[in-house]
Amino acid sequence: MFHQIEKRIRDAVSAHVRARYGIEDAEAAVEEPRQSSFGELAMPLAFQLAKKLRKAPKAIAAELASELGAIEGVAALEVAGNGYINVRLDRGYYGRAALEGAGEQPSAAGGKVIVEHTNINPNKAAHIGHLRNAVLGDTFARMLRATGRQVEVQNYIDNTGVQVADVVVGFHYLEPRSIEAVRELASGDWFDYLCWDLYARVSAHYKDHPEAVRWRQATLHAIEAGDGELAELAHLVADAIVLAHLRTMRRLGITYDVLPRESEILRLQFWATAFEQLKERKAIHLETEGKNAGCWVMPGSAYSGDAAEDDSKVIVRSDGTVTYVGKDIAYQLWKFGLLGKDFHYRPLFREDNGHVVWVSTHMPSGEAPLFGRGSEVYNVIDSRQSYLQDVVTAGLRALGYNEQADKSVHFSYEMVALSPRTCVELGIELSEEDRKRPYVEVSGRKGLGVKADDLIDKLIENAEVEVDSRHPEAPEEERARVAAQIAVGALRYFMLKYTRNTVIAFDFQEALSFEGDTGPYVQYAAVRARNILRKYEERGERLPGFRTALDREAMGRQLASEDFWQLLLAASKADTAIARAAASGEPSHAARYAFQLAQAFNAFYHDYPVIHEQDPEKKTFLLWMTDYFRSQLDRTLGVLGMEAPEYM
RNA sequence: GGGCGCGUAGCUCAGGGGAUAGAGCAUCGGCCUUCUAAGCCGAGGGUCGCAGGUUCGAAUCCUGCCGCGCCUGCCA
């Protein structure tokens with residue numbers, strides 16, 4: 001809605017500048033003034049032209065404003081300040097366009113976008129750091145879909161790595177337990193929690209008994225060979241934990257299209273194929289001396305502008321095994337359809353809405369959708385891995401795939417740490433200097449951190465207290481559902497409100513808050529809007545036909561009110577806000593928009609009792625505004641993966 | 001040492017060439033007989049780390065410095 005008129009103005013202005021001054025490349029920048037009294041749009045164009053035309057900005061602005069002519073939907077152009085041109089929209093026209101939902105169809109341009117996120121090591125329960133990853137990735141995917149893109153969500157499962165091996169070591173050597181005993185545990189509800197503790201115990205054991213690392217070696221070899229009890233144990237553990245993670249994420253409305261697994265990357269020899277390509281193009285070479293003698297390495301110059309001479313990344317170890325980065329290069333090639341190989345797939349399970357989550361296999365097993373072959377790839381991975389992501393992209397470049405390298409985006413974000421206060425609450429001992437820091441890094445290895453399910457449970461518990469006190473008469477099942485929706489809203493919003501490169505110092509008090517800049521605040525505004533409409537209908541009245549009752553003139557009359565106009569304007573910007581957030585890759589922008597829109601509505605709600613309005617035209621208009629706001633906020637909430645509860 | 005990021009109100013964070021620097025929390029003071037107060041209104045609170053530079057204009061861009069974090073593995 002908003003961006004269409006914005007574009008119309010920009011086009012008209014650049015055409016005029018071209019014709020009038022013969023300036024071709026004039027970027028008719030259109031901004032939103034910081035003060036609403038300046039109008040809806042502002043153009044600092046005159047400042048840009050001042051030098052070229054050797055004229056005062058103010059004079060140019062006056063000239064432009066008077067000569068520009070009529071633009072559909074624009075009521076007036078005004079010169080302000082030292083040379084701004086402020087645009088005032090035709091409110092009646094704009095309101096009517098919003099009512100008719102003019103041209104809301106997103107254009108489905110470009111090929112498939114692959115978004116990879118979550119990627120949790122399948123050896124223990126998910127924690128809050130993983131939540132940030134999954135919520136960011138899921139929201140970004142929703143944003144892209146909302147702008148018309150085709151999106152495939154992948155969740156890479158490293159089921160053959162050291163972390164899984166360590167848990168296997170725990171079960172097999174430390175405890176020790178039989179496969180049957182572990183299978184029994186794995187079918188229980190708390191397996192991921194159990195492994196969380198076991199993993200911490202194994203890590204601690206290594207520290208006190210360095211020789212125990214040979215257990216890990218034996219396990220890794222067994223996993224790689226793919227047979228024997230240790231390998232079976234590894235699969236058992238990883239498969240069960242993956243299901244636990246998917247269950248956790250589904251609580252937050254997060255799901256996936258396909259789970260490519262490392263075991264298939266090995267089994268189907270993805271690496272061998274990539275290795276041949278890399279050797280052939282001389283992207284990597286066998287080091288003959290120095291600390292990396294016997295390894296295949298990528299020279300530092302490939303992935304870093306000013307790397308030191310001896311700075312290079314080992315891709316294949318001297319024992320012939322491939323590092324994670326190597327496998328990741330193969331995987332990245334596959335995502336673009338450049339590897340010349342594919343996985344086989346089987347359905348892992350079908351969700352309630354019919355959506356099927358697929359997982360890779362090494363054997364053909366019937367029909368499956370076409371996965372991979374993306375034209376853009378976003379890897380949602382925390383910023384600590386930027387070095388490795390650079391190496392992966394450099395791998396593509398070295399193979400001559402510059403276009404795909406350009407389309408490989410490390411969608412990075414900063415870590416989730418713990419506030420000192422929360423550490424104390426969790427009983428984590430802090431050193432003298434840690435206490436002074438704003439945050440403390442979590443350590444999965446030590447078993448320190450906040451488990452995702454614990455946090456969700458706690459949020460639900462808190463929401464239930466509130467819901468129960470407000471709606472004691474409602475059925476329990478319903479109250480539970482509402483509490484869960486509020487909890488999810490609070491959690492997702494909390495993970496989204498920070499910009500990606502802000503370290504979140506996780507604090508229980510802040511995360512559990514339902515007031516102010518929080519998810520429930522936004523949900524509450526949506527609930528209030530729906531309450532008005534519901535109450536209205538409960539009185540036996542039917543909503544008027546807005547299309548006939550509110551013509552352009554009526555819109556113009558009502559929107560003369562600055563309050564109404566500002567709310568309408570804010571609500572109409574939903575698509576613009578989502579599109580901008582998607583384009584800048586910053587989900588926090590969408591969250592911020594939702595919050596600001598909710599703020600605007602809450603003020604409106606307080607000042608204008610809709611149902612009690614006496615003037616018929618105004619009442620119809622207020623009802624429409626309420627309905628319009630609700631639909632625009634619902635849309636935004638959908639993109640954020642939040643639901644508006646039936647009541648709050 | 002090198003790379004990336006950060007430094008804005010008491011706290012947590014937005015803003016990232018443009019008009020009078022914003023929000024939430026906290027503090028203080030108001031508003032529930034009205035469509036639910038998870039709300040609304042108001043007040044106080046700022047050397048935008050420091051110093052230079054670029055220009056009509058710098059919190060924003062550049063350089064240097066100071067402080068903090070992450071990365072810099074034949075772990076992932």
Side-chain angles (χ1 to χ4, degrees), chain A residues 29 31 33-35 38 42 44 47 50-51 56-57 80-84 86 119 121 158 161-163 216 262 287 291-297 300 304-308 311 313-325 327-328 382-388 390 412 414-415 417 419 437-439 441 463 466-467 470-471 486 490 497-499 501-505 507 509-510 513-525 527-536 538-539 588-589 592 595-596 598-599 602-613 622 626 647-648:
Chain A
E31 340 175 310
R34 49 192 316 114
Q35 261 185 61
F38 291 152
F47 296 108
K51 200 172 248 175
N82 287 323
Y84 274 97
N86 291 337
N119 303 1
N121 272 308
D158 180 5
V162 190
Q163 303 215 26
R216 176 197 274 173
E262 186 151 287
E287 199 76 77
K291 60 175 180 168
N292 293 333
C295 299
W296 286 86
V297 305
S304 168
D306 42 11
D311 208 10
K313 178 67 194 165
V314 172
I315 306 295
V316 179
R317 303 182 187 100
S318 54
D319 67 1
T321 58
V322 60
T323 60
Y324 167 79
V325 195
K327 284 177 275 195
D328 221 21
D382 81 74
S383 65
R384 288 174 287 194
Q385 296 195 46
S386 63
Y387 169 65
L388 296 173
D390 287 346
S412 76
E414 281 289 346
M415 63 177 169
S419 76
R437 289 188 186 154
Y439 52 81
E441 196 172 346
E466 298 292 329
V467 174
R470 282 158 221 244
H471 304 277
I486 293 169
K497 70 191 252 190
Y498 300 94
T499 51
N501 54 12
T502 296
V503 176
I504 297 181
D507 187 88
Q509 198 164 310
E510 277 177 34
S513 167
F514 294 160
E515 288 166 21
D517 187 10
T518 67
Y521 176 94
V522 181
Q523 291 172 311
Y524 191 52
V527 168
R528 284 176 136 183
R530 233 209 357 245
N531 269 354
I532 294 173
L533 300 170
R534 203 190 56 225
K535 275 275 157 60
Y536 181 77
E538 273 173 13
R539 293 173 159 219
S588 69
H589 291 344
R592 179 153 294 271
F595 176 64
Q596 286 168 349
Q599 269 185 320
N602 274 332
F604 166 85
Y605 180 92
H606 181 265
D607 293 340
Y608 303 95
V610 176
I611 291 178
H612 307 288
E613 175 57 47
L622 291 176
T626 303
Y647 51 80
M648 282 179 78

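Just so it is clear, the model here is predicted, and its values are computed rather than measured. In the text below, chain A, chain B and the rest are named by the order of the sequence lines, each starting its count at 1.
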Nearest to side-chain heavy atoms of [X], which nucleotide of [options]:
X       : options                   : result
E441(A) : rC70(B), rC74(B), rA76(B) : rC70(B)
R437(A) : rG69(B), rA23(B), rC74(B) : rG69(B)
L388(A) : rA19(B), rG24(B), rA76(B) : rA76(B)
D158(A) : rG15(B), rA76(B), rA19(B) : rA76(B)
D517(A) : rA76(B), rA19(B), rG24(B) : rG24(B)

Counter-base of rC6(B), judged by Watson-Crick or G-U geometry with both distances under 3.5 Å
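Here rC6(B) is engaged in a pair, and the nucleotide opposite it is rG67(B).
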Identity of whatever pairs with rG46(B) - Watson-Crick or G-U, under 3.5 angstrom: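 Here rG46(B) is not engaged in any pair, so there is no nucleotide opposite it.
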Notebook entry, point to check: Reckon N86(A) touches a base, only the sugar-phosphate, or nothing at all at heavy-atom distances under 4.0 Å?
Noted result: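 Base: the residue N86(A), judged by heavy atoms under 4.0 Å, touches a nucleobase.
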For this session: For A42(A), answer base if it contacts any base atom (sugar-phosphate contacts may also be present), sugar-phosphate if it contacts only those atoms, and nothing otherwise; contact means non-hydrogen atoms under 4.0 Å.
Result: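 Here A42(A) touches the bases of the nucleic acid.
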> Mind checking the C1' distance from rA59(B) to rG49(B)? Whole angstroms is fine.
Replying inline: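 Rounded to whole Å, the distance is 12 Å.
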Which value, in whole Å, describes the distance between the P atoms of nucleotides rG17(B) and rC25(B)?
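Comparing P positions in rG17(B) and rC25(B) gives a spacing of 29 Å.
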**Study point:** Nearest-Å distance for atom pair CZ/C1', residues R317(A) and rC74(B)
**Key:**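 Whole-Å distance recorded here is 6 Å.
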Exercise. CD of E538(A) versus C1' of rC35(B): gap in Å, rounded?
Worked result: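 Going from CD in E538(A) over to C1' in rC35(B) covers 11 Å.
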How about N602(A) and Y521(A): does a side-chain donor come under 3.5 Å of a side-chain acceptor?
->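 Present: a donor and an acceptor within the cut-off.
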Regarding N531(A) and R528(A), do their side chains bring together a donor and an acceptor under 3.5 Å, going by distance alone?
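No, R528(A) and N531(A) have no side-chain donor paired with an acceptor closer than 3.5 Å.
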Scan nucleotides 38-44 of chain B against the protein and return all N/O pairs shorter than 3.5 Å with their distances rounded to 0.1 Å.
| from | atom 1 | to | atom 2 | distance (Å) |
| --- | --- | --- | --- | --- |
| rA38(B) | OP1 | R470(A) | NH1 | 3.1 |
| rA38(B) | OP1 | Y524(A) | OH | 3.2 |
| rA38(B) | OP2 | R470(A) | NH1 | 2.6 |
| rA38(B) | OP2 | R470(A) | NH2 | 3.4 |
| rA38(B) | O5' | R470(A) | NH1 | 3.4 |
| rA38(B) | N9 | R470(A) | NH1 | 3.2 |
| rA38(B) | N7 | R470(A) | NE | 3.4 |
| rA38(B) | N7 | R470(A) | NH1 | 2.6 |
| rG39(B) | OP1 | G516(A) | N | 3.1 |
| rG39(B) | O2' | R528(A) | NH1 | 2.6 |
| rG39(B) | O2' | R528(A) | NH2 | 3.2 |
| rC40(B) | OP1 | Y521(A) | OH | 2.5 |
| rC40(B) | O2' | H606(A) | ND1 | 3.1 |

Considering only heavy atoms and no angle criterion, is a donor-acceptor pair shorter than 3.5 Å present between the side chain of S318(A) and the base of rC74(B)?
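Answer yes: a donor N or O sits under 3.5 Å from an acceptor.
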Holding to side chain to side chain contact (heavy atoms under 4.5 Å, CB included), I want the full list of residues that pass it with Q385(A), two or more places apart in sequence or in another chain.
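For Q385(A), the residues satisfying side chain to side chain contact (heavy atoms under 4.5 Å, CB included) (neighbours in sequence not counted) are Y324(A), I381(A), D382(A), L388(A).
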Self-check item: F47(A) aromatic ring stacked with six-membered ring of rG57(B), 5.5 Å and 30°
Solution: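 No, F47(A) does not stack on the base of rG57(B), since the centre distance and plane angle fail the 5.5 Å and 30° test.
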All N/O contacts under 3.5 Å from nucleotides 4-12 of chain B to the protein, with atom names and distances to one decimal?
none

D382(A) or Q385(A), whichever maps to the more 5' nucleotide of RNA chain B: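 By nearest-heavy-atom nucleotide position, the 5'-most residue is D382(A).
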* Do E441(A) and R384(A) meet the salt-bridge criterion of a basic N to acidic O distance under 4.0 Å? ->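 Looking at R384(A) and E441(A), the cut-off is met.
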